[in-house]
Q: 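Sending over a structure as structure tokens; questions will come in a sec.
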Amino acid sequence: MYLLLISAAVILYLFLIHPSGKRRREAKAFCKNSFAHRGLYGAGLENTLPAFENASTAGYGIELDVQLTKDGEVVVFHDETLLRAAGRADKIADLSFAELKSIPLFGSEETIPLLAEALEAADGAPLLVEIKGTFAVDELCRKTADLLESCKGPVAVESFSPVAVRWFSKNRPQFLRGQLSSRFRDAEGRKVPLFQRVIVSSMVSNFLAKPDFIAYDVRNKNQLSFLLCRKLFRVPYLLWTVKDTGEGMIFEE
């Protein structure tokens, strides 16, 4: 009896973490690119147009983050607030794009760009677009997908949110999609609610989200679900973030 229960639990677990295998060859080719994390930058000017232009000129792919402003514009920015980049506690979602354009980043003359501007700056470089947010992501996913239709080069979307990955699976399956994951053991990760950490780190939502590839924190690359996805299901993958460029990596300066 116990053996049957254990066997059933193992089968269920493998079913839950099973990713999509329909576009393995295409996803594997995409994951061979080296992606500059938030662009190729210095002096803290991440996720800015010069950082994207630098990465494109150097021949790298570009990883960037998108979220919505108060007036529904898709902008490129990582943090929920402006505290780290501009010394202000305002949330991106609480300000209009016009307001954001008046706020310099990291003491420079650069400001938060629109995704449309970032696509122009990328100039055909491979793009890896992270969808920020957890549950209420439909509008962001839809507007991002509309903008990505005009991309000159290869593009994929990724998110820590299985809801966002599933949205693309159901609504825009032409885009490669990846599940971002980590063990959430650092201070920032521990702010994520426990149930979300468990679901995302173990990737038991893969059966719904059906990611074409996995992007996992390099510090946690031996996590069981990630190992099984790689070894058993042969899913293409990226590791984030590393200091040196290489195949299957998102690197940071």
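Model, not experiment: these values are computed from the prediction.
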Q: Atom CD of residue position Glu99 - does it have more than 12 heavy atoms of other residues, nucleotides or ligands inside 6.0 Å?
A: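 Atom CD in Glu99 is crowded, with more than 12 foreign heavy atoms closer than 6.0 Å.
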Q: Heavy-atom count around Lys143 NZ within 6.0 Å, excluding the residue itself: above 12?
A: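 Check passes, neighbour count above 12.
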Q: Could you tell me whether Lys221 atom NZ has more than 12 heavy atoms of other residues or ligands within 6.0 Å of it?
A: no
Q: Minimum heavy-atom separation for Thr69 and Leu95, please, with both atom names.
A: CB-O, 3.4 Å
Q: With side chains defined as the heavy atoms from C-beta onward, is the minimum distance between Pro104 and Glu109 less than 4.5 Å?
A: no
Q: Determine whether Phe226 and Leu224 fall in the same hydrophobic cluster, where Ile, Leu, Val, Met, Phe, Trp and Tyr are linked whenever their side-chain heavy atoms lie under 4.5 Å apart.
A: no
Q: Under a 4.5 Å side-chain heavy-atom rule over Ile, Leu, Val, Met, Phe, Trp and Tyr, are Ile199 and Leu12 clustered together?
A: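 Yes, Ile199 connects to Leu12 through the hydrophobic network.
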Q: The test is side chain to side chain contact (heavy atoms under 4.5 Å, CB included); show your working for His18 and Asn206 and say whether it passes.
A: CA-CA 6 Å; His18 198 298; Asn206 280 355; 5.8 Å; no
Q: Under a 4.5 Å cut-off applied to non-hydrogen side-chain atoms, are Phe213 and Lys28 in contact?
A: no
Q: Measure the CG-CD1 distance between Asn47 and Ile112 for me, rounded to the nearest 0.5 Å.
A: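 If we round to the nearest 0.5 Å, Asn47:CG and Ile112:CD1 are 9.0 Å apart.
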Q: For the side chain of Asp65 and the backbone of Arg38, is there at least one donor-acceptor N/O pair under 3.5 Å apart?
A: no
Q: For salt bridge (charged side-chain N to carboxylate O under 4.0 Å, His left out), just list the numbers for Arg177 and Asp212, CA-CA rounded to whole Å, side-chain angles, deciding distance to a tenth of an Å, and then say yes or no.
A: CA-CA 5 Å; Arg177 57 194 178 273; Asp212 298 305; 3.4 Å; yes
Q: How long is the span from the CG atom in Asp90 to the CG atom in Leu100, to the nearest 0.5 Å?
A: 8.5 Å
Q: List for me each residue that meets side chain to side chain donor-acceptor pair (under 3.5 Å) alongside Arg23, sequence neighbours excluded, and say none if there are none.
A: Glu26
Q: Counting heavy atoms not belonging to Glu188, are there more than 12 under 6.0 Å from its CD?
A: no
Q: Check whether Phe77 and Phe106 end up in the same hydrophobic cluster, where Ile, Leu, Val, Met, Phe, Trp and Tyr are linked by side-chain heavy atoms less than 4.5 Å apart.
A: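 They do share one cluster, since a chain of ILVMFWY contacts under 4.5 Å joins Phe77 to Phe106.
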Q: Determine whether Glu46 and Arg84 satisfy the following criterion, salt bridge (charged side-chain N to carboxylate O under 4.0 Å, His left out), listing intermediate values before the conclusion.
A: CA-CA 12 Å; Glu46 63 186 53; Arg84 180 174 64 92; 2.6 Å; yes
Q: Can you find a pair of side-chain heavy atoms, one from Val66 and one from Ile131, that are under 4.5 Å apart?
A: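 Side-chain contact under 4.5 Å: yes.
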Q: Flag the pair Pro126 / Phe35 as yes when at least one side-chain heavy-atom distance between them is below 4.5 Å, and no otherwise.
A: yes
Q: Determine whether a donor-acceptor pair (N or O, by modelled atom type, separation under 3.5 Å) exists between the side chain of Ser56 and the backbone of Phe52.
A: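 Looks like no, no N/O pair under 3.5 Å.
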Q: Do Leu180 and Trp240 have side-chain heavy atoms sitting under 4.5 Å apart?
A: yes
Q: Within the supplied structure, the quantity of interest is the number of heavy atoms (other residues, nucleotides, ligands) at a distance under 6.0 Å from Arg234 CZ; does it exceed 12?
A: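 12 or below, so no.
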Q: Hey, are Asp217 and Arg185 close enough for a salt bridge, meaning a charged N less than 4.0 Å from a carboxylate O?
A: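 A salt bridge is absent here (no side-chain N lies under 4.0 Å from a carboxylate O).
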Q: So does Val157 get a backbone contact from the side chain of Glu130, meaning a donor-acceptor N/O pair under 3.5 Å?
A: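 A pair under 3.5 Å: no.
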Q: Is it the case that one hydrophobic cluster holds both Phe195 and Leu16, taking links as side-chain heavy atoms less than 4.5 Å apart, direct or via other members?
A: yes
Q: Within this structure, what is the CG-CD distance for the pair Leu176 and Glu158, rounded to the nearest 0.5 Å?
A: 11.5 Å
Q: If we count only N and O atoms by modelled type, under 3.5 Å, do the side chains of Glu80 and Gln67 hold a donor and an acceptor together?
A: no
Q: Kindly work out whether a path of hydrophobic side-chain contacts (I/L/V/M/F/W/Y, heavy atoms less than 4.5 Å apart) joins Leu140 to Val155.
A: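 Both belong to a single hydrophobic cluster.
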Q: Quick one: does Thr241's side chain get under 4.5 Å of Val218's, heavy atoms only?
A: no
Q: Just by distance, do the side chain of Ser150 and the backbone of Leu147 share a donor-acceptor pair under 3.5 Å?
A: yes
Q: What heavy-atom pair brings Cys151 and Leu119 nearest, and what distance separates the two atoms?
A: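 Heavy atoms of Cys151 and Leu119 come nearest at SG-CD2, 3.8 Å.
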Q: Which of parallel (below 30°), tilted (30 to 60°) and perpendicular (above 60°) describes Phe251 and Tyr60?
A: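 Ring orientation, 0 to 90° scale: perpendicular.
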Q: Could you tell me whether the side chain of Asn171 reaches within less than 4.5 Å of the side chain of Asp138, counting heavy atoms only?
A: no
Q: Measuring only between side-chain heavy atoms, which start at C-beta, is Val163 closer than 4.5 Å to Thr134?
A: no
Q: Write down the atom of Met203, the atom of Cys229, and the distance for their closest heavy-atom approach.
A: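 For Met203 versus Cys229, the nearest heavy atoms are CE-SG, 4.0 Å.
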Q: Cation over ring, Arg197 on Phe184, under 6.0 Å and within 45°?
A: no
Q: NZ of Lys170: more than 12 outside heavy atoms within 6.0 angstrom?
A: no
Q: Begin with the C-alpha distance, continue with both residues' side-chain angles, and end with the deciding distance and a verdict on side chain to side chain contact (heavy atoms under 4.5 Å, CB included) for Lys152 and Glu120.
A: CA-CA 9 Å; Lys152 301 176 183 177; Glu120 285 296 318; 4.1 Å; yes
Q: If you count the non-hydrogen atoms of other residues, nucleotides and ligands that lie under 6.0 Å from OH in Tyr237, is the total more than 12?
A: no
Q: Roughly how far, to the nearest 0.5 Å, is CG of Leu148 from CG of Leu115?
A: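 Rounded to the nearest 0.5 Å, the CG-CG separation comes to 6.0 Å.
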Q: Closest heavy-atom contact between Ser201 and Gln223?
A: O-NE2, 3.1 Å
Q: Just how far is it from atom CD of Gln196 to atom OG of Ser205, taken to the nearest 0.5 Å?
A: 11.0 Å
Q: Walk me through it: do Val74 and Asp146 pass the test side chain to side chain contact (heavy atoms under 4.5 Å, CB included)?
A: CA-CA 11 Å; Val74 184; Asp146 288 344; over 6 Å; no
Q: Nearest 0.5 Å, please: how far is OG1 in Thr111 from CG in Leu105?
A: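 The distance works out to 6.5 Å.
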Q: State, to 0.1 Å, how close Arg219 and Asp186 come at their nearest heavy-atom pair, and which atoms those are.
A: NH2-OD2, 3.6 Å
Q: For Arg172 and Glu149, run side chain to side chain contact (heavy atoms under 4.5 Å, CB included): C-alpha distance rounded to whole Å, both residues' side-chain angles, the deciding distance at 0.1 Å, then the answer.
A: CA-CA 10 Å; Arg172 300 294 177 90; Glu149 293 282 1; 3.4 Å; yes
Q: Closer than 3.5 angstrom, by distance alone: can the side chain of Ser181 be matched with the main-chain N or O of Val200 as a donor-acceptor pair?
A: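 Side chain of Ser181 to backbone of Val200: a pair is present.
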Q: Kindly assign one of parallel, tilted or perpendicular to the pair Phe168 and Phe175, based on the angle between their ring planes and the thresholds 30° and 60°.
A: perpendicular
Q: Which atom names give the shortest non-hydrogen contact between Leu127 and Leu64, and what distance separates them?
A: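 That closest heavy-atom pairing would be CD2-CD2, 4.0 Å.
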